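Proteins get letters first, then strands, A, B, ... in listed order; numbering begins at 1 in each. Remember, it's a predicted structure, so these values are computed and weren't measured experimentally.
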Amino acid sequence: MSTRPVHYWLMKSEPDEAGIDHLARDGKLGWFGVRNYQARNFMRDQMQVGDVVLFYHSSCPEPGIAGIAEVSSSAYPDPTQFESESKYFDPKSSRENPRWMQVDVKFVKKTRLMGLPEMRAMPELADMQVLQRGNRLSITPVSRAEWEAISKKL
DNA sequence: GCCAACGTTGGC
DNA sequence: GCCAACGTTGGC
């Protein structure tokens, strides 16, 4: 039995950019492009290798949970912040003092799509952060109870 | 395409 | 440090 605490996360990705099928094909994905301090801090300060990730499709016809992934690296500087031709370029960041971090995530499995309306209808998820009004964070913590309620139905 | 909600920026 | 203006997210 592991003594390492495992955290659960929900991470949003646009399926046009990187959906669960991309991850299934490649096995692994660098989670670059996060440009929000709260989301960065979650990756930098709280994520650990082995943490469980609910892979969520956003900005698409059917938003919802589409699969499971696992954190496979600790946080390291996101290289796209230094690439002047990248849309994620940040002129205020430097290699000496990088502003943005990423983690790597590996494929665990594809699930049926648990859509947003279904999630909203589950009483166990009433307090889930991603479902709160006005939420825009691309990375949010998921409680163990929320994880259990969701995984039971996937 | 609309728009609510939120984060960031920059003038003062 | 305040806050208006602006940009972005993301569901619909």
**Asked** With sequence neighbours left out, what residues match Gln132(A) under side chain to side chain donor-acceptor pair (under 3.5 Å)?
**Response**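 Applying side chain to side chain donor-acceptor pair (under 3.5 Å) to Gln132(A) gives none.
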
Donor-acceptor contacts under 3.5 Å from residues 26-35 of chain A side chains, at least two apart:
from     : atom 1 : to       : atom 2 : distance (Å)
Arg35(A) : NE     : Tyr88(A) : O      : 3.2
Arg35(A) : NH1    : Asp78(A) : OD2    : 3.0
Arg35(A) : NH2    : Asp78(A) : OD2    : 3.4
Arg35(A) : NH2    : Thr80(A) : OG1    : 3.1
Arg35(A) : NH2    : Tyr88(A) : O      : 2.9

**Asked** With sequence neighbours left out, which residue pairs that include part of residues 145-154 of chain A fulfil the salt bridge (Lys or Arg N to Asp or Glu O under 4.0 Å) condition?
**Response**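 Those involving residues 145-154 of chain A are Arg144(A)-Glu148(A).
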
**Comparing Lys92(A) and Gln38(A) on DNA chain B - which has the more 5′ nearest nucleotide** =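 Counting from the 5' end, the first nearest nucleotide belongs to Gln38(A).
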
Can you give me every donor-acceptor pair (side chain of residues 114-129 of chain A, partner residue at least two apart or in another chain, under 3.5 Å) with its distance?
from      : atom 1 : to        : atom 2 : distance (Å)
Glu118(A) : OE1    : Arg112(A) : NH1    : 3.1
Glu118(A) : OE2    : Arg112(A) : NH2    : 2.7
Arg120(A) : NH1    : Leu131(A) : O      : 3.0

**Request:** Between protein and nucleotides 4-12 of chain C, map the contacts as a letter string: B base, S sugar-phosphate only, - none, heavy atoms under 4.0 Å, written 5' to 3'.
**Result:** ---BBBBSS

Listing, residues 53-77 of chain A side-chain donor-acceptor contacts under 3.5 Å, not counting sequence neighbours, or none:
from     : atom 1 : to        : atom 2 : distance (Å)
His57(A) : NE2    : Ile20(A)  : N      : 3.0
Ser72(A) : OG     : Asp104(A) : O      : 3.3
Ser73(A) : OG     : Asp104(A) : N      : 2.8
Tyr76(A) : OH     : Gln102(A) : NE2    : 2.7
Tyr76(A) : OH     : Asp104(A) : OD1    : 2.5
Tyr76(A) : OH     : Asp104(A) : OD2    : 3.4

